[in-house]
Number of protein chains: 2
Amino acid sequence: MTTLFKPIRPKKLSEEIVEQIKSLITGGQLKPGEKIPSEREMAALLGVSRPSVREAIMVLETMGLLESRQGGGTYVRSLTDGTLAPLAAMLEDNPELLKELLEVRMGMECWAAYLAAKRASEAEIKEIGSSVEEMARQAQSGGWSSEVDSRFHYAITTATHNTMQLHVLNTIHGLFLATIEVALTKLYSQPRYIEVLLGQHRAIYEAIAARDGDRARRAMAEHLEWVQATLPQLA
Amino acid sequence: MTTLFKPIRPKKLSEEIVEQIKSLITGGQLKPGEKIPSEREMAALLGVSRPSVREAIMVLETMGLLESRQGGGTYVRSLTDGTLAPLAAMLEDNPELLKELLEVRMGMECWAAYLAAKRASEAEIKEIGSSVEEMARQAQSGGWSSEVDSRFHYAITTATHNTMQLHVLNTIHGLFLATIEVALTKLYSQPRYIEVLLGQHRAIYEAIAARDGDRARRAMAEHLEWVQATLPQLA
DNA sequence: GATATTAAATTGGTATGACCACTTTACTAC
DNA sequence: GTAGTAAAGTGGTCATACCAATTTAATATC
C-alpha cells in the first residue's frame with residue numbers, strides 16, 4: 001500500500017517558471033520563432049531573481065523548447081526541431097531529398113490553407129493581407145526577402161489555430177531555408193518570377209478571405225507546384 | 001555551398017560542466033546512488049562559480065541523470081529506461097496538444113493517400129490490400145494489434161514514393177503511439193468499432209486501387225475524423 | 001535620402017557574497 | 001546507550017557587479 005504514496009517535495013521556483021513557460025508554448029501564446037522577454041524583464045514580471053529565471057531557461061533549452069543567444073535574446077524553438085533533427089542530416093547527405101521535403105511541405109501548407117480558410121479571424125485575414133501588400137511594396141524595389149515570404153506562410157499557419165501545425169511547419173520550413181536560401185533569394189528578385197508569385201499569393205489570400213477551404217487549398221497547391229517546377233532552374 | 005558551414009557558438013561553462021559529469025556517469029566513475037561533491041566543492045574543484053555549477057546540475061536533473069535534495073546533497077540516478085523525450089512527455093500532459101498533433105497527422109495522411117493513389121505500383125496496391133485482409137482475419141478473433149494498423153498506414157505512405165514523407169509520418173506516429181497506445185488497443189478490439197474501421201480501411205484501399213486521388217483523400221479524411229471523434233470516449 | 005561608421009544600450013554569461021531553509025553530524029546530558 | 005540540542009554542511013534564492021556579444025541609435029559623409 002506504500003506505493004500509493006509518494007514523497008511530496010516542494011517545487012523549486014525554477015520548476016514553476018518552467019511549467020509556466022511550457023504552458024505558454026503549448027497553448028500557442030508563445031509561438032516558434034518568437035523572442036521571449038529578457039531575463040531581467042522576466043525576473044521583474046515574475047517577482048523572482050535573475051539567476052532563478054536563468055535556471056529555468058537553461059532547463060527549457062535542455063528540453064529543446066528555447067534557444068538563447070548571447071546579446072541577442074532568447075527565442076522559442078519549434079517543438080519538433082529535436083524529433084525531426086535527423087531530417088537535416090539526411091538532407092545534407094542527399095540533396096535530392098529536398099524535392100521530397102518540398103512535397104511534404106506542399107501537403108502541409110495546402111492543409112494549412114484549407115484550415116485557415118475555415119478558421120481565420122478577421123485580424124488574421126488582415127495580417128495575411130498585410131504581408132501580401134508588403135511583398136507588393138518590396139516588389140517595386142526589385143524584390144522581397146525570404147523573410148517576407150516566411151511571414152506570409154507563417155500568418156496562414158497561425159490562422160489554422162493549431163499550435164502543433166505551426167511547430168511542425170516551422171521545423172520543415174527551417175530545414176528548407178537552411179538548404180536553399182540562395183535559390184529562394186533569386187526567385188524573389190527576378191521580375192518575371194515576382195509577378196507570378198505575387199499573383200499566386202494574392203489568390204491564396206483571396207481564397208482564405210472568402211473562407212473557401214477547397215479554393216485556398218487549390219491555390220496553395222498551384223503556388224507550390226510552380227515553385228517546385230521553377231526552383232531547379234535556379235540551383 | 002553555404003550549407004557546408006555552420007555557425008560556431010562557443011560553449012557555455014555550464015555545458016562543459018554537464019559534459020564532464022555525463023562522462024563520469026557513463027564511464028562508471030560516478031555510479032547510481034553515489035553522492036557527487038557539493039556545489040561549493042565542485043565549484044572550487046572546477047575553478048568556476050557556484051551559479052555555473054548549479055546551472056549544470058539543473059540541466060543534468062532535467063536529463064534524469066542527477067537528483068538534488070535541499071540540505072541533503074546531489075545524487076546520481078539509476079540509468080533505467082529513463083524519461084520520455086520532452087515532446088512526448090508534453091503530449092502526455094496535454095490532451096489539447098495531442099488533438100492538434102492528430103490534426104497535423106490527418107493532413108499528412110490524407111496527402112499520403114492522395115499521392116499513393118497517383119503513384120502506387122501494383123505490388124504496393126497489393127501490399128495495402130494484404131494488410132486490410134490481415135485486419136479482417138484478426139477481426140474474427142476479436143481484434144487486431146496497433147502494429148497491423150501501423151502496417152496499413154505505412155504501406156500507404158511507402159506508396160507515395162516520398163522518403164521524407166515516410167520519415168516525418170513515422171516520427172509523428174511514434175509520438176502518437178507513445179501516448180495513446182492503450183486507447184488504440186481498445187479501439188482495435190471492440191466489435192462495434194472494428195466493423196466501422198474495417199469498412200473505412202477498405203474504402204481507402206479501394207480508392208487507391210482505383211487510382212482516384214481525391215476519393216482516397218476523402219476516404220482517409222473520413223476515417224481519421226471518425227478516429228478523432230471516437231478516441232476521447234476511450235481515454 | 002541613403003549608407004557607413006561609431007557610440008550607446010540591451011542582452012546573455014559569469015562571478016561574488018549573502019542569507020534562508022533543510023538535512024546531517026557532532027556534542028552534551030542523563 | 002539514548003535523547004535532545006547546537007553546529008556544520010548542503011541546496012535554494014537573491015542582489016549586485018562586471019564581461020562579452022548583439023542590437024539599436026546617433027552621427028558623419030556622399
Side-chain angles (χ1 to χ4, degrees), chain A residues 6-21 25 30 33-77 137-145 147 151 189, chain B residues 5-21 24-25 30 33-77:
Chain A
K6 292 182 186 119
I8 294 175
R9 180 178 62 73
K11 281 198 171 204
K12 300 171 187 171
L13 270 182
S14 56
E15 288 171 342
E16 297 190 24
I17 299 168
V18 164
E19 290 308 313
Q20 209 180 124
I21 295 175
I25 293 176
L30 282 177
E34 270 185 25
K35 185 172 161 185
I36 70 170
S38 72
E39 292 174 0
R40 290 167 180 84
E41 194 178 344
M42 183 92 71
L45 286 170
L46 298 171
V48 299
S49 73
R50 198 181 147 220
S52 292
V53 170
R54 282 185 60 75
E55 288 182 355
I57 290 177
M58 202 90 19
V59 165
L60 289 157
E61 276 195 281
T62 301
M63 291 178 171
L65 303 188
L66 294 181
E67 178 178 17
S68 289
R69 293 177 218 132
Q70 183 174 355
T74 302
Y75 296 81
V76 181
R77 291 184 70 198
R137 221 195 348 274
Q138 292 192 17
Q140 297 193 355
S141 309
W144 61 77
S145 64
E147 275 159 3
R151 179 185 159 198
S189 62
Chain B
F5 295 94
K6 294 184 189 112
I8 295 174
R9 183 178 60 76
K11 281 199 172 204
K12 299 172 185 172
L13 272 184
S14 56
E15 288 172 343
E16 298 192 23
I17 300 166
V18 165
E19 290 308 314
Q20 210 179 122
I21 296 175
L24 292 174
I25 294 176
L30 281 175
E34 266 187 30
K35 185 171 159 182
I36 70 170
S38 72
E39 292 176 359
R40 290 171 178 84
E41 195 178 342
M42 183 93 70
L45 286 169
L46 298 168
V48 299
S49 73
R50 198 178 148 225
S52 291
V53 170
R54 282 186 59 76
E55 288 181 354
I57 290 177
M58 205 89 19
V59 164
L60 289 157
E61 276 193 283
T62 301
M63 292 177 172
L65 299 180
L66 293 183
E67 178 178 18
S68 289
R69 296 178 215 132
Q70 183 172 359
T74 302
Y75 296 81
V76 182
R77 291 185 66 188

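Only a predicted model underlies this, so the values are computations on that prediction, with no experimental measurement involved. Every chain is numbered from 1 and lettered A, B, ... according to where its sequence line falls, protein lines coming before strand lines.
For the pair A:E15/B:E61, no side-chain contact is recorded, criterion being any heavy-atom separation below 4.5 Å from C-beta on. Looking at heavy atoms from C-beta onward, B:M58 lies out of side-chain contact with A:M58 at the 4.5 angstrom threshold.
C:dT11 atom P lies 17 Å from atom CD of A:E61, rounded to whole Å. In this entry the distance linking CZ of A:R54 with P of C:dT14 reads 7 Å, nearest Å. For B:E39 and C:dT14, the CD to P distance is 16 Å, given to the nearest whole Å. Remark: C1' of D:dG11 and CD of A:E15 are 13 Å apart, rounded to the nearest angstrom. Atom CD in B:E41 sits roughly 11 Å away from atom C1' in D:dT10 (whole-Å rounding). As rounded to whole Å, 16 Å separates atom P of C:dT14 from atom CE of B:M42. Regarding A:I17, its CD1 atom lies at a distance of 8 Å from the P atom of D:dC14, rounded to whole Å. Between A:Q70 atom CD and D:dC18 atom P the separation is 18 Å, expressed in whole Å.
Take the nearest nucleotide of DNA chain C for B:G47 and for B:K35: the residue whose nucleotide is more 5' is B:G47. Comparing A:Y75 and A:E55 by the nucleotide of DNA chain D that holds the closest heavy atom to each, the one mapping nearer the 5' end is A:E55.
Applying the 4.0 Å criterion to OP1 and OP2 of D:dT10, one finds that B:T74 has every side-chain N and O outside that range. An OP1 or OP2 oxygen of D:dT22 is reached within less than 4.0 angstrom by no side-chain nitrogen or oxygen of A:R69. Within the 4.0 Å cut-off from OP1 or OP2 of D:dG12, not a single side-chain nitrogen or oxygen of A:S52 is found.
With respect to B:E16 and B:K11, no salt bridge is recorded, no charged nitrogen being found less than 4.0 Å from a carboxylate O.
Side-chain contact check for A:S68 and A:T74: at least one donor-acceptor pair (N or O, by modelled atom type) lies under 3.5 Å.
Between the side chain of B:R40 and the base of D:dG11, at least one donor-acceptor pair of N or O atoms lies under 3.5 Å. Counting distance only, with no hydrogens placed and no angle test, the side-chain atoms of B:R50 and the base atoms of C:dG17 include no donor-acceptor pair under 3.5 Å.
Partner of A:V76 under the side-chain contact (heavy atoms from CB on, under 4.5 Å) criterion, chosen from A:I21, A:L65, A:I25: A:I25.
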